[in-house]
Amino acid sequence: MTHAILSYHDAVLYRSGERYRILAGAIHYFRVHPEHWADRLRKLKAMGANTVDTYVAWNFHQPQAGVAPDFTGWRDLGRFIDLAAEEGLDVIVRPGPYICAEWDNGGFPAWLTGTPGIGLRCMDPQFTAAIEEWFDHVLPIITSRQASNGGPVVAVQIENEYGSYGDDHDYIRWNRRVLEERGITELLFTADGGNDYFLDGGSVEETWATATLGSRGDEAMATWQRRRPGEPFFNVEFWGGWFDHWGENHHRRDAGDAAAEVRKMLDLDGSVCLYMAHGGTNFGLGSGSNHDGTKLQPTVTSYDSDAPIAENGALTAKFHAMRAEFYRAQGIDELPELPAELLAEPAVLPAQTLPLSPAPGLLELARGAGEPVRSVRPLSFEQLGLDSGMVLYSAEAVLPGSPGAPAEARLKITGLNDRAYVWVDGTFAGVLDDVTGAEGLAVTGTGVLAKLDILVENLGRINYGPLTGHGKGILGGVLVNQRYTFHWTQTPVALAEWGDTELDLLAGAEFDAEAPADTYLALPGSGKGFVWLNGFLLGRYWEKGPQFTLYAPAPLVRAGRNAIKVLELGEPGTTVELRETADLGPEEAGRIAAAEL
């Protein structure tokens with residue numbers, strides 16, 4: 001029988017029989033350009049970590065149903081694990097299938113969650129069959145790299161923070177069994193919030209229960225001593241920073257405050273993983289959303305998360321504070337000198353302002369963006385087989401009134417997810433969202449057929465809580481006052497799949513670079529939209545902030561001529577700026593304290 005390299009008894013963790021402590025940091029391969037993987041891992045090692053932790057985002061590998069998962073290039077999970085091994089790091093893998101991670105749909109593919117009648121994260125046979133098929137693809141990459149096979153993988157997580165979602169313990173046990181049946185022999189563990197409530201839902205017998213929390217670690221450790229005696233304490237997600245939503249503050253946590261909380265847990269002989277050690281970027285349409293019970297809270301493009309290693313790889317004050325704690329936990333008070341190449345600020349392009357060419361109107365672009373699909377009632381993104389991007393809904397309806405006496409009506413959208421741009425007879429009428437959709441817009445009619453065009457934008461699928469898997473598009477209907485409009489034409493706008501043909505129609509700017517280097521794109525005067533650099537979709541921008549620049553890593557920049565393309569959904573600006581530093585929002589506005597985590 002193969003024995004796991006990590007083990008525990010009497011609340012003490014061991015590695016190969018020697019007393020051990022995990023000093024880890026999370027880095028998600030899907031949020032970091034693959035040419036930067038080695039650099040970020042090297043910096044994690046230099047911080048004093050002995051382990052890197054990563055989620056596996058299913059929808060990053062298999063966005064379309066019926067197409068085999070892709071594990072090449074940016075999606076080469078095996079290469080990321082191998083690079084960690086080259087740096088002398090152990091690896092903890094968290095394959096989900098649910099990951100949260102502020103990632104679109106919590107990592108689930110939209111084709112899965114959109115399956116009619118499916119029950120998520122429970123013993124629903126439709127769901128479990130899909131998970132087994134996914135695990136058949138991904139687990140061989142992990143099992144072949146386990147410590148028992150000479151690799152760096154020392155532990156694998158079962159599901160993720162399940163106690164925040166459900167109480168189907170049979171489902172957790174089933175997860176454990178399917179991992180073991182497919183060759184996982186290293187230590188398995190669950191992860192849940194740091195109190196009784198989360199343990200009640202997510203932990204099971206004879207499986208190591210780990211914690212996720214950003215403060216009051218000593219209180220959580222006392223709970224574990226009471227609830228899980230005999231198990232060592234491991235905070236697998238220490239929230240040393242936080243992520244941002246559009247329209248809210250940029251979060252900052254004081255480095256000394258975060259380090260003091262880590263010290264508290266380490267002094268009590270706990271293990272810690274920094275979430276995040278390096279946050280990276282929600283490139284493309286990868287960012288998810290939360291929901292506060294009233295409205296959607298879409299996550300910004302940056303996932304810097306105020307992490308020790310910044311979005312561009314720079315070493316922050318928090319890096320040095322955490323490094324001191326990690327070395328202290330190993331009995332080393334005098335820190336070794338860091339290599340100059342790790343301390344060097346990443347190269348950046350010179351700042352410049354570029355003129356932005358005009359583009360066709362948004363409605364014109366949307367009408368030509370895809371093959372129309374006809375239906376009686378509006379179809380959701382899921383029914384259209386579209387996981388992200390936008391859908392243009394078009395129909396004709398009689399608006400009340402007469403040619404001699406125009407009248408006002410309310411155009412309402414029920415079940416709107418997430419944001420709708422509305423035109424009547426080609427004239428822009430306004431914007432509705434998940435909160436204002438049912439209230440509607442005032443439109444004027446003359447008693448004759450009017451052309452309705454409604455462009456619905458998916459702002460990112462919900463990644464946490466009971467609304468995970470919620471559909472996108474028009475899930476209810478469109479009403480003129482209380483009367484439904486039927487017979488629709490839907491045009492999918494698959495932004496993530498756009499190539500030169502589509503991008504050539506957009507507003508653009510060009511610049512020359514002597515050599516590849518980082519840059520930060522800003523669009524002053526523009527409202528909301530998407531930016532591509534040399535055909536790569538960097539992500540979303542939005543004038544409401546808090547993020548005002550988009551990070552473009554050096555590997556996306558060419559020596560010579562470079563092309564920027566912009567799809568503006570609101571008011572287009574006239575320039576694009578290349579800046580030398582990031583602007584993620586005011587430093588002080590979103591300052592957070594330990595008590596908030």
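The structure presented is a predicted model; accordingly, all values stated were derived computationally and were not measured.
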Is atom [atom1] of [X] surrounded by more than 12 heavy atoms (other residues, nucleotides or ligands) closer than 6.0 Å?
| X | atom1 | value |
| --- | --- | --- |
| Asp167 | CG | no |
| Arg377 | CZ | no |
| Phe486 | CZ | yes |
| Glu133 | CD | no |
| Asp292 | CG | yes |

Non-hydrogen side-chain atoms of [X] and [Y] separated by less than 4.5 Å:
| X | Y | result |
| --- | --- | --- |
| Leu567 | Leu362 | yes |
| Pro109 | Trp134 | no |
| Arg94 | Ile99 | no |
| Phe530 | Leu285 | yes |
| Gln547 | Thr301 | yes |
| Tyr197 | Asp192 | no |
| Leu523 | Glu568 | no |
| Leu356 | Thr575 | no |

For His28 together with Phe80, are the ring centres under 6.0 Å from each other?
no
Output every pair passing side chain to side chain donor-acceptor pair (under 3.5 Å) with a member in residues 59-70, not counting sequence neighbours, ordered by first then second residue.
Tyr29-His61, Trp58-Gln62, Asn59-Trp103, Asp70-Thr72
Please list all pairs meeting side chain to side chain donor-acceptor pair (under 3.5 Å) that have one or both residues in residues 451-461, counting only residues at least two apart or in different chains.
Arg367-Asp453, Glu382-Arg461, Ser394-Asp453, Tyr421-Glu457, Glu457-Lys528
Under 3.5 Å, is there a donor-acceptor pair between the [X] and [Y] side chains?
| X | Y | value |
| --- | --- | --- |
| Tyr275 | Asp53 | no |
| Tyr464 | Glu161 | no |
| Thr299 | Asn282 | no |
| Tyr551 | Asp304 | no |
| Arg374 | Thr489 | yes |

Would Tyr520 and Asn312 satisfy side-chain contact (heavy atoms from CB on, under 4.5 Å), going step by step from the backbone distance to the final call?
CA-CA 10 Å; Tyr520 301 88; Asn312 68 341; 3.2 Å; yes
Is NZ or CZ of Arg121 both nearer than 6.0 Å to the six-membered ring centre of Phe127 and within 45° of the ring axis?
no
Would you find a donor on one side and an acceptor on the other, under 3.5 Å apart, between the side chain of His278 and the backbone of Ala26?
no
For the pair Tyr165 (side chain) and Gly202 (backbone), establish whether a donor and an acceptor sit closer than 3.5 Å, ignoring hydrogens and angles.
no
Go through the steps for Trp74 and Phe536 under the test ring-ring contact (aromatic ring centres under 6.0 Å, His included), then give the verdict.
CA-CA 13 Å; Trp74 201 318; Phe536 178 85; 5.6 Å; yes
Could you go through the salt bridge (charged side-chain N to carboxylate O under 4.0 Å, His left out) check for Arg31 and Glu102 one step at a time?
CA-CA 11 Å; Arg31 285 184 158 122; Glu102 291 72 57; 5.4 Å; no
Which label fits Trp242 and Trp239: parallel for a plane angle under 30°, tilted from 30 to 60°, or perpendicular past 60°?
perpendicular
Hey, can you tell me if Tyr393 and Trp488 have their rings parallel, tilted or perpendicular (30° and 60° cut-offs)?
perpendicular
Spacing of [atom1] belonging to [X] relative to [atom2] belonging to [Y], to within rounding of 0.5 Å:
| X | Y | atom1 | atom2 | result |
| --- | --- | --- | --- | --- |
| Asp387 | Leu112 | CG | CG | 12.5 Å |
| Asn290 | Leu467 | CG | CG | 10.5 Å |
| Gln490 | Leu379 | CD | CG | 4.0 Å |
| Leu550 | Arg540 | CG | CZ | 11.5 Å |
| Tyr98 | Thr468 | OH | OG1 | 4.5 Å |
| Ile413 | Thr436 | CD1 | OG1 | 8.5 Å |

Lys/Arg-Asp/Glu bridge criterion (N-O < 4.0 Å) met for Asp434, Lys295:
no
